[in-house]
Undergrad: 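Okay, handing you the structure first.
Atoms within each ligand, like the ligands themselves, are counted from 1 in listed order. These figures come from a predicted structure and were not determined experimentally.
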Amino acid sequence: MEKIKMTTPLVEMDGDEMTRILWKFIKDDLLLPFIELNTEYYDLGLEHRNETNDQVTVDSALATKKYGVAVKCATITPNAARMDEYDLKEMWKSPNGTIRAILDGTVFRAPIVVKGIEPCVKNWKKPITIARHAYGDVYKGTEMKVPGPGTAEIVFTGEDGTVVKETIHTFKEAGIVQGMHNINGSIESFARSCFNYALDTKQDLWFATKDTISKKYDHTFKDIFQEIYDKEYDEKFKAAGIEYFYTLIDDAVARVMKSEGGYIWACKNYDGDVMSDMVSSAFGSLAMMTSVLVSPDGYYEYEAAHGTVQRHYYKHLKGEETSTNSVATIFAWTGALRKRGELDGNKELMEFADKLEAATIKTIEDGTMTKDLALITSLENVTVVNSEGFIKAIRTTLEGML
Ligand code: NAP
Ligand code: MG
């Protein structure tokens, strides 16, 4: 078979620990034998980030702006322990945070649904994609402990000197206050990313806030979404046969539980933080979640939703066998290759991505899987394989399909 050619490079961001090991297996066994892989390689492994004073992370994000599509391996976000372990010059920031700040996007997370790994919510038949606004609110909040009786106020001083003041509360005793913010531009980007992703994936979009209680803060989110929808997306949604649906957050939660899935649920920052863990654990496993950062300018960065699986890596270093699930990392590659194919009009590349995903799912549904899935599957007589064995099994399934 002749290898599939690529016209435009894909931005490849390598990473750390166990996922770096899986990354190489995936390339060697599932990609390079079939594709003349054309990537611009950036090593985001912690050692190289440290050597380049984290410039490599910035460069990889800028390359994503140039080429439009990136695939990223999980990376270590350094903490105190990592400072010693890797002898770091500085406690470098989270690469995902750096990349997100440059691309200004929304993260979409969706479960990979396979037969035999049933969601705990029995009526969920299709994946639910969570779109989390990644800026502001309580994550950029300012808080204060109120020591005793007194008045807490919220004050805005305009550049021209105008002052607007509101009383938060007149305290008779000790308490707490919190101030938080968001920016219209960020909410607009969030809205456009969600509308574009809904069109891209032909799924309905749901959005919910608590606008009945929060008449200015949450209501602004509701209004911005509605305005952009009416002006820019109404016709496109109708043409695609999909719907934009706004409701209150508590109503949304109730409807989600009773739905069969198959839509995108746009969430404010906190709601997205909490709800994505609920949805992912109800669907089975973090190792079965895809994650893609979509910028309002139409740049895409695909990754796995989980981390570097440190515990497995230390076992691997000791020469012990690991059974690490590579599905989410494989789907990061297929997502990126399919998008690259779509942008370049490369049908062969898109079809290959579809087949590799189908082969991955078929391998599991036929009973070969890693330990994490074997623990939760409803299938009987499954074969538990090690990290590399799983990828080799997918290769065999894929060759049978090509
Ligand atoms: P993690 O790598 O997601 O792993 C946590 C646990 O979840 C593992 O110990 C393992 O459980 C299970 N697990 C996760 N992915 C798995 C997979 N593919 N196959 C099988 N089991 C899997 O989270 P962490 O250990 O808290 O973080 C490790 C490093 O990853 C940290 O340095 C953190 O900064 C980084 N991180 C990076 C990203 C990213 O780049 N997007 C995201 C999150 C965390 P068992 O040990 O019970 O088998
Ligand atoms: Mg969380």
Undergrad: Considering only NZ, NE, NH1 and NH2 on the basic side and carboxylate oxygens on the acidic side, decide whether K93 and D54 come within less than 4.0 Å.
TA: no
Undergrad: So, are E243 and K238 salt-bridged, with charged N and O less than 4.0 Å apart?
TA: no
Undergrad: Name all residues meeting the side-chain hydrogen bond (donor to acceptor under 3.5 Å, both in side chains) criterion together with N381; count only those two or more places apart in sequence or in a different chain, and write none if there are none.
TA: none
Undergrad: Going by ring pair (Phe, Tyr, Trp, His ring centres under 6.0 Å), name the residues that satisfy it together with H219, two or more places apart in sequence or in a different chain.
TA: none
Undergrad: Which residue pairs pass the side chain to side chain donor-acceptor pair (under 3.5 Å) test with at least one member in residues 282-299, sequence neighbours excluded?
TA: R109-S291
Undergrad: With no hydrogens and no angle check, just 3.5 Å: does a side-chain donor-acceptor pair link Y42 and E12?
TA: no
Undergrad: Under a 4.0 Å heavy-atom cut-off, which residues neighbour ligand 1?
TA: K72, A74, T75, I76, T77, R82, N96, A287, E303, H306, G307, T308, V309, R311, H312, T324, N325, D372
